[in-house]
Amino acid sequence: MTDQDGARRPKYQRIADELREAIRSGDFAPGDRLPGENDLMAAHDVARMTVRQALAVLGGEGLTEARKGSGVFVRSFRPLRRRGVSRLAAEGWSGGRSVWAAETERRALAVDLVEVSERAAGPRIAGALDLAPEDPVCVRSRRYVLDDKPVLLSVSYLSASLVRGTPITAPDTGPGGTYARLAELGHRPVRFREEIRCRMPTADESDGLALPPGTPVVLIGRTAYTGPGTAVELNEMTLDASAYILEYDFDA
C-alpha cells in the first residue's frame, strides 16, 4: 500500500491498522489494556465515534475484548489447535482418551449444557444416517468451554434403535466417549468424513458461544462410518472461528 492509498483510507481504519500492528509486534501483549478513547482521540485528532469504530474493527477480528468499566484489552485467550486427523485416531479413544486430550494441552476443559433426547430423524438427518425420516434418533447436545471461554457447540445424531439403553444416552458416555461405546456395541468407527464451511452466527450461536459482534463461526459436519460403510453418527459442530486453528497433517 502506498502512502497515498493509506491517506485515502478512512481514519478509523488507519487507527485500527496502527493498533493491530502494535499488537502483532508485541507492543501490546495479551492481557494489556489499549490506550483509552480520550488518549486515542487526542493522539489522532479525531472524534470519539471514529475511535470507537477503530476499536470495533479490532474486536470484530477477535484481537481485543471490551471489559465494561475497564477499557479494551488484547485478548489473552490462546487459540486451540484442532488436529483434524490425529484427534480421531482409534488408539486414542479406544484406550479411553477423549478426542480432546491431545489438543487441550492440560488446559481447563468443561462440558456443559448437556442434553440427551430422542426425536424423529427428519429428511436431512435420515439421509446422512441412511434412516427413514420417521425413524427415531438419539440427539446429544453439549457445549465445550475452554479456560472459561465457550468455544464449541456440538450436536450428535445416532440411530435410537442402535444406542437406546446404552451409556451413549447418558450425559457422560464414559472413557473414550461415544466412539468407544459404539465399538463395544460392535459398531466400531473406522472412517470419518468432515465437511467444513464458514458463515456468520445465528443469534442463538452468538449467545451460546458469547461471541463478540462480527465474529464468524466454523461449521464442521463429521460422519463416522463402520467397516461395512454404515454411517453410525453425524456430529454437527459450531466453532468460534477466533478460538481455533484447524490443522490437517497427512501424507502426500
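Worth saying up front: this structure is predicted, and the values here are computed from it rather than measured.
In this structure, Y157 and V137 approach most closely via the heavy-atom pair CD2-CG2, 4.4 Å. The minimum heavy-atom distance linking A120 with E134 is given by the pair CB-O, 4.2 Å. In this structure, T169 and V163 approach most closely via the heavy-atom pair CG2-O, 3.4 Å.
For the pair K149 and E65, the salt-bridge criterion is not met [side-chain N within less than 4.0 Å of a carboxylate O]. Taking the charged nitrogens against the carboxylate oxygens, D17 and R14 have no contact shorter than 4.0 Å, which rules out a salt bridge. Looking at E21 and R24, no side-chain N of the basic residue comes within less than 4.0 Å of a carboxylate O on the acidic one, giving no salt bridge.
No more than 12 heavy atoms of other residues, nucleotides or ligands lie within 6.0 Å of CG in D130, so this atom counts as exposed by the packing criterion.
Not a single side-chain hydrogen bond (donor to acceptor under 3.5 Å, both in side chains) links E115 to another residue, sequence neighbours left out. For S242, the side-chain contact (heavy atoms from CB on, under 4.5 Å) test picks out R75, T215, D240, with sequence neighbours left out. Not counting sequence neighbours, the partners of A22 by the side-chain contact (heavy atoms from CB on, under 4.5 Å) test are D27, F28.
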Dump the intermediate steps for side chain to side chain contact (heavy atoms under 4.5 Å, CB included) on D112 and R142, then the final yes or no. CA-CA 6 Å; D112 67 4; R142 60 271 192 208; over 6 Å; no
Are K11 and H44 close enough, and set up right, to give a side chain to side chain contact (heavy atoms under 4.5 Å, CB included), and what steps lead you there? CA-CA 9 Å; K11 286 185 177 180; H44 296 276; over 6 Å; no
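Taking CG from N235 and CG from L158, the interatomic distance works out to 9.0 Å, rounded to the nearest 0.5 Å. Atoms OG1 and CG, from T238 and L219 in turn, are 5.0 Å apart once rounded to the nearest 0.5 Å.
At least one test fails for R82 against the ring of Y244: distance under 6.0 Å to the centre or angle within 45° of the axis. A cation-pi arrangement is present between R67 and F73, with the terminal nitrogen or guanidinium carbon under 6.0 Å from the aromatic centre and inside a 45° cone about the axis.
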